[in-house]
Amino acid sequence: AKDVNFVLRSGGSALDSVEKGCARCEIEHCDGSVGYGGSPDESGETTLDAMIMNGNTMEVGAVADLRRIKNAIGVARAVMELTEHTLLVGESASVFAENMGFIAEDLTTNNSVNIFLQWLKGNCQPNYRKNVFPDPSKTCGPYKPRTILKQKGRTRQANTRSHDTIGMIALDKDGHVAAGTTTNGLTHKVPGRVGDSPIVGAGAYADSSAGAAAATGDGDVMMRFLPSYLAVELMRAGADPSAACKTAISRIKRHYSEFFGAIICANTTGHYAAACNKAPGLSQFHYMVSNSESDIPLLKTVDCF
């Protein structure tokens, strides 16, 4: 938040401030859920997702399942500014980044290796498989589909570390809005899994004529409802940020009453709010606000409902 405010105070754009703020989080491993060295997948590899959106032009750049490149938000901006595309994924996204001058580095650290090894020792629990054998709730893979598909429900893991994103919104002095996200995804995810973070309208959305929103939480569920897009459209229709955030959360709650997630919303006049779903391990949601009225970023808290 401090980086965002500094860029804006120095006359930088909302887009620059979002990229700078997200990049700082990638370097500092915010909460372990952003940047290299965290959230290893089933094979022990860390991969990154990121997205940035220009609310003036409605341009978006995003990357998913990015390997070997630490600055995912920078690559996302390169996709936006150096190609006609919106989203690049996997190994091809990494090759693009290298060709654009980004340095290839190992994203694995001692910490991510230890997380992976402990997971293996614990019979690969938790994991995100279902309707396969051997029984994924008891053993590691490799897995194969059940011969006769029998829907076997598994309780989704909801915990305080399952929100897998840093989301940022910026509004500059000219009224320009931008939003961005960056994450290393879900720990122990199936290789190739992409969550909500790099999906426009899901992880974040920005429109300088209405406002911006960014979501965090159980991306596999939340991305099905495009909560960030919904919140911005509600603000366009006249809803204040608090009402827009709550409605976006409520839409998901209708179908997944115990999902783990939250959303932040800001309109073009600088008003902001957040909302979260009350679930095991989540009774309040904390977020940071930085503006021209304060040199120090302010920690805000909202009670979940």
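Any value given below was found using the heavy atoms of this structure, including those in side chains, with hydrogens, waters and symmetry copies removed.
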Enumerate, atom names and distances included, each donor-acceptor pair closer than 3.5 Å involving a side-chain atom of residues 270-281, sequence neighbours excluded.
from: His271; atom 1: ND1; to: Thr269; atom 2: OG1; distance (Å): 2.7
from: Asn277; atom 1: OD1; to: Lys253; atom 2: NZ; distance (Å): 3.2
from: Asn277; atom 1: ND2; to: Ser257; atom 2: O; distance (Å): 3.1
from: Asn277; atom 1: ND2; to: Phe259; atom 2: O; distance (Å): 2.7

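Considering only residues two or more places apart in sequence or on other chains, Asp207 meets the salt bridge (Lys or Arg N to Asp or Glu O under 4.0 Å) condition with Arg236.
Ion pairing of Glu42 with Lys189 is absent here, as no side-chain N (NZ or NE/NH1/NH2) approaches a carboxylate O to less than 4.0 Å. Using a 4.0 Å cut-off between a side-chain N of Lys or Arg and a carboxylate O of Asp or Glu, Arg68 and Glu91 qualify as a salt bridge. Between Asp16 and Arg77, at least one side-chain nitrogen of the basic residue sits less than 4.0 Å from a carboxylate oxygen of the acidic one, meeting the salt-bridge criterion.
Taking all atoms of both residues into account, the shortest heavy-atom contact from Arg251 to Phe225 is O-CE2, 3.9 Å.
The aromatic rings of Trp119 and His188 lie parallel to each other, their planes meeting at an angle below 30°, with 60° marking the opposite boundary.
Side-chain atoms of Ser228 come within 3.5 Å of backbone atoms of Ala202 as a donor-acceptor pair (strictly under, hydrogens ignored). The backbone N or O of Ser208 sits nowhere less than 3.5 Å from a side-chain atom of Asn56 that would complete a donor-acceptor pair.
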Next on the checklist: If you apply the rule side-chain hydrogen bond (donor to acceptor under 3.5 Å, both in side chains), what do you find for Thr182 with Glu26, and how did you get there?
Outcome noted: CA-CA 7 Å; Thr182 184; Glu26 290 172 343; 2.6 Å; yes
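The number of heavy-atom neighbours closer than 6.0 Å to CG of Asp174, taken from other residues, nucleotides and ligands shown, is above 12.
Pairs of residues two or more places apart, or lying in two chains, never qualify as ring pair (Phe, Tyr, Trp, His ring centres under 6.0 Å) while including a residue from residues 91-117.
Linking Ile, Leu, Val, Met, Phe, Trp and Tyr residues whenever their side-chain heavy atoms come within less than 4.5 Å leaves Tyr143 and Val190 in two separate clusters.
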